[in-house]
Amino acid sequence: MIAKRVTGESGAGRRGERAVRWRLGWLPDEYLVINDLMIDRGNGHTSQIDHVVVSKYGVFVIETKNISGHIYGSEYAPKWKRYWKAWYYGVEHSNELEFDNPILQNEAHIKALSRIIGDRVTYIPIIAFSTNGELHVAAEHTHVIYSSQVRRLIRSYTEPIMSTEHVRKIYESLVANNITDENVRAQHSIRAQQNKNNYQQRQEEAISNGRCPSCGGKLVKRQGKYGVFYGCSNYPKCKYTKPIV
């Protein structure tokens, strides 16, 4: 007999993943859920997948994002953007931040999964954002939804395409290939943080050189209602601002 739920340690404290994990826990027993799956994707690299749901209706591959503000993106753009407003010293500023396209991240996860369970499986990619954000995303081949909609979306697939035995074999294969070694998981986290730090460093270098880290335009000193700040010369196309403190 196999366990229905498998939960890894890494990322267990992330609120977005925890919310989706809780919702997946209410699926009927025919859905086999693996949370925080880490697998080898070749060339010494690993993929960490937030949630995989194996069912006779397909294999659902879920990437969760806990990001607030207005989220803009398209299916194949390398970066998406988050816009939000914040107050600095009594001045309201529009802020902009780029982040990696989660659809492309999830495609890499599916490619890693296909190394284990094959590419003849029907994969259903889902990007689940917390309700802290407001989505403005154009995507045809991936579901980009709120975390509160995940369970309903999964249950909307009602046409069986795999046998119960096939589902069980896929699940067991993924469980068997799940990397639980703490050292490997720690190295994965270190590499992910290094990549993030490198991106932040590039952003800081652009600012120090008087360039907008979002679009490369010039940073221009502007006078606002409540004080002085730096804004992008490409405004209003680019709304990046940086308070002068």
Side-chain angles (χ1 to χ4, degrees), residues 1-39 41 46-68 71 102-114 116-118 121-133 135 137 139 141-180 185 188-189 192:
M1 183 175 180
I2 58 176
K4 182 175 184 287
R5 314 286 173 194
V6 173
T7 305
E9 296 295 329
S10 178
R14 296 176 185 173
R15 186 167 54 186
E17 293 178 26
R18 188 166 60 242
V20 172
R21 183 183 298 123
W22 180 81
R23 288 179 169 86
L24 296 178
W26 288 93
L27 287 170
D29 289 342
E30 65 176 313
Y31 296 89
L32 303 181
V33 181
I34 306 174
N35 297 306
D36 191 25
L37 174 68
M38 181 176 287
I39 55 178
R41 62 184 176 94
T46 51
S47 279
Q48 191 167 17
I49 307 170
D50 293 336
H51 316 277
V52 178
V53 181
V54 187
S55 75
K56 60 185 178 182
Y57 313 105
V59 176
F60 299 88
V61 185
I62 306 169
E63 173 76 13
T64 61
K65 294 294 180 185
N66 188 15
I67 301 176
S68 60
I71 311 301
I103 290 179
L104 300 182
Q105 286 181 304
N106 219 28
E107 286 183 357
H109 294 162
I110 290 173
K111 186 176 181 180
L113 287 171
S114 68
I116 299 172
I117 58 178
V121 175
T122 297
Y123 296 99
I124 303 163
I126 301 173
I127 311 299
F129 278 85
S130 66
T131 53
N132 296 326
L135 298 175
V137 176
H141 305 100
T142 296
H143 297 288
V144 183
I145 60 174
Y146 295 106
S147 57
S148 58
Q149 302 171 314
V150 166
R151 190 168 71 248
R152 185 187 310 163
L153 173 63
I154 291 174
R155 294 298 303 277
S156 72
Y157 283 78
T158 58
E159 185 68 31
I161 55 177
M162 289 191 294
S163 67
T164 301
E165 178 64 16
H166 192 191
V167 169
R168 184 185 65 82
K169 287 183 177 180
I170 289 176
Y171 177 81
E172 289 182 334
S173 180
L174 292 179
V175 171
N177 283 275
N178 185 27
I179 299 172
T180 58
R185 284 181 169 261
H188 177 93
S189 298

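- In this model, no donor atom of one side chain and acceptor atom of the other lie less than 3.5 Å apart for Glu17 and Asn35.
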Start with the C-alpha distance between Val121 and Ile170, add both sets of side-chain angles, then the distance that settles side chain to side chain contact (heavy atoms under 4.5 Å, CB included), and finish with yes or no. CA-CA 9 Å; Val121 175; Ile170 289 176; 4.1 Å; yes
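- The shortest non-hydrogen separation linking Ile145 to Leu153 is CD1-CD2, 3.6 Å.
- Using a 4.5 Å heavy-atom cutoff, the side chains of Ile49 and Ile34 are not in contact.
- When all heavy atoms are compared, the tightest approach of Ser55 to Met162 is O-CE, 2.9 Å.
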Under the side chain to side chain contact (heavy atoms under 4.5 Å, CB included) rule, what do Thr122 and Val59 come out as? Steps first, then yes or no, please. CA-CA 6 Å; Thr122 297; Val59 176; over 6 Å; no
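- Screening Glu30, Glu159, Glu165 for a salt bridge (Lys or Arg N to Asp or Glu O under 4.0 Å) involving Lys56 leaves a single residue, Glu30.
- For the pair Lys65/Gln105, a side-chain contact is recorded, criterion being any heavy-atom separation below 4.5 Å from C-beta on.
- Side-chain contact between Ile117 and Leu174 is present, with heavy atoms from C-beta onward closer than 4.5 Å.
- Rounding to the nearest 0.5 angstrom, the gap separating the OH atom in Tyr57 from the CD1 atom in Ile161 is 10.5 Å.
- Heavy-atom minimum distance, Leu113 versus Val61: CD1-CG2, 3.6 Å.
- A distance of 13.0 Å separates CZ of Arg155 from CH2 of Trp26, quoted to the nearest 0.5 Å.
- Counting heavy atoms from C-beta on, the side chains of Thr64 and His51 come closer than 4.5 Å.
- The shortest distance between side-chain heavy atoms of Val54 and Tyr31 does not fall below 4.5 Å.
- His143 has its side chain within reach of Ile124: a pair of non-hydrogen atoms, C-beta onward, lies under 4.5 Å apart.
- The backbone N or O of Lys111 sits less than 3.5 Å from a side-chain atom of Ser114, completing a donor-acceptor pair.
- Among residues two or more places apart in sequence or in another chain, the ring pair (Phe, Tyr, Trp, His ring centres under 6.0 Å) test is passed with Phe60 by Tyr157.
- Across Ser147 and Thr131, no two heavy atoms sit closer than the pair OG-N, 4.5 Å.
- Arg151 places no side-chain N or O within 3.5 Å of a backbone atom of Leu24 that could act as its donor or acceptor partner.
- In this structure a side-chain-to-backbone donor-acceptor pair under 3.5 Å is missing from Asn106 to Ile127.
- Residues Tyr146 and Gly133 share a closest heavy-atom pair of CE2-O, 3.2 Å.
- For the residue pair Ala139 and Val144, the shortest heavy atom distance occurs at CB-CG2, 4.0 Å.
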Take Asp36 and Asp50 through the test side chain to side chain contact (heavy atoms under 4.5 Å, CB included) and record every step on the way to the result. CA-CA 5 Å; Asp36 191 25; Asp50 293 336; 5.7 Å; no
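- With respect to the salt-bridge test (charged N to carboxylate O, under 4.0 angstrom), the residues Arg168 and Glu172 qualify.
- Under the 4.5 Å side-chain criterion, counting only non-hydrogen atoms from C-beta, Ile62 is not in contact with Val52.
- Using a 4.5 Å heavy-atom threshold, the side chains of Ile126 and Thr142 count as separate.
- For the residue pair Asn132 / Ser68, no side-chain donor-acceptor distance below 3.5 Å is found, with atom types taken as modelled.
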